[in-house]
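Take a look at the structure below.
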Amino acid sequence: MSAHADSRARVTLATLAAKRSAREPIVMVTAYDHPSAQIVEAAGVDVVLVGDSAAMTVLGYDSTVPVTIDEMLMLTTAVRRGLRSPLLVGDLPFGSYEASDEIAIATAQRFVKEAGCDLVKIERGGTTVDRARALVQAGVPVVGHVGLTPQTATALGGYRAQGRTAEAALTVIDDALALQAAGCSMLVVEAVPSEVTAALMPLLDIPVIGIGAGADADGQVLVFHDLLGLYDGGAAKFVKRYADLRAAAITGVEAYVAEVRAGVYPAAEHGYGMPTGEAARLVELLAER
Ligand code: KIV
């Protein structure tokens with residue numbers, strides 16, 4: 001862990017509230033394992049989300065739907081071990097919280113107790129508002145998620161922007177208000193027109209983190225693999241690539257492949273030697289057999 005990270009204060013919900021009041025943008029990013037956690041820690045982000053986007057970026061599923069609680073817990077625990085300063089948000093996977101308050105509380109408690117999450121994120125308005133209220137009452141801080149909610153993308157007509165008509169925008173806004181009233185500490189708003197975010201912001205007191213929701217939110221979140229160009233899939237319109245690590249990684253592995261095949265790697269400096277005389281003694285010992 002870098003000295004920079006060691007010297008940073010731990011981010012708390014109070015830190016985020018202060019940033020919001022000071023109109024200082026909050027930076028959230030996803031991470032899915034120990035090295036990515038160490039990278040985002042060293043880069044100084046405020047909040048780390050172990051998103052169920054891991055289903056696609058890390059586990060190779062076609063959508064976020066199939067990922068299990070145990071898969072998410074394993075990834076989240078690895079991220080926890082790589083973080084010190086940022087807040088850690090665990091994403092409750094599809095099917096792990098919707099059916100009842102009791103199920104939601106049991107799942108969320110695993111993310112807090114076993115993976116060390118500071119908050120858990122759940123998607124949608126509707127019955128999720130009741131789950132959010134129950135979680136908050138059980139002492140688990142909650143991040144709501146409105147707009148495009150990938151766990152139920154099929155019901156929303158696919159991975160597409162939400163709230164594009166005034167009526168549809170009202171639904172997004174009503175979901176957000178209901179989640180705030182249920183006690184959510186933070187809100188993710190995904191893939192809505194910037195006008196909708198602009199209309200929403202004066203109505204909310206909690207930090208709002210946008211992804212494809214324009215510049216008016218209190219902060220932004222991007223998927224680690226998207227922003228670093230690590231993912232070999234189509235990127236959404238709102239993704240900005242800040243690096244092309246996939247190309248760099250392929251170039252690196254290709255160079256390794258070429259050097260092994262050409263007998264260039266390993267060179268003498270990559271190997272171990274025996275102390276003086278030991279190689280000759282080994283020859284003698286083998287000859288005595
Ligand atoms: O799963 C995820 O990574 C998310 C973010 C895109 C907000 O929910």
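Just follow the structure's listing: the first ligand is 1, and inside any ligand the first atom is 1. The first residue in the sequence is number 1, and the count goes up from there.
Taking atom 8 (O) of ligand 1 as the reference point, the nearest protein heavy-atom neighbour is Lys121 NZ, 3.0 Å. With respect to atom 4 (C) of ligand 1, the closest heavy atom belonging to the protein is Leu49 CD2, 3.6 Å. Atom 2 (C) of ligand 1 has Ser53 OG, 3.3 Å as its closest protein atom, hydrogens excluded (heavy atom only).
Of all non-hydrogen atoms in His225 and Arg241, the two that sit nearest each other are O-NH1, 4.0 Å. Residue Phe111 comes nearest to Val120 through the heavy atom pair CB-CG1, 3.9 Å, listed as atom of the first residue, atom of the second, then distance.
An N or O contact shorter than 3.5 Å is missing between Tyr32 and ligand 1 by distance.
We find that Asp218 and Lys19 are not joined by a salt bridge, their nearest charged nitrogen and carboxylate oxygen being 4.0 Å or further apart. Ion pair Arg81/Asp33 not flagged as a salt bridge, since none of the NZ, NE, NH1 or NH2 atoms sits closer than 4.0 Å to an Asp/Glu carboxylate oxygen.
Using a 4.0 Å cut-off to heavy atoms of Gly51, the atoms of ligand 1 that qualify are 1 (O), 2 (C), 3 (O). In summary, the atoms of ligand 1 found under 4.0 Å from a heavy atom of Thr30, numbered by their order in the structure, are 3 (O).
Within the 4.0 Å heavy-atom shell around ligand 1 one does not find Glu123.
Proximity of Ile211 to ligand 1, defined as any heavy-atom pair under 4.0 Å, is confined to the side chain (atoms from C-beta onward).
Without hydrogens or angle criteria, Gln109 side chain to Ala106 main chain gives no donor-acceptor distance under 3.5 Å.
Side-chain contact check for Tyr32 and Thr30: at least one donor-acceptor pair (N or O, by modelled atom type) lies under 3.5 Å.
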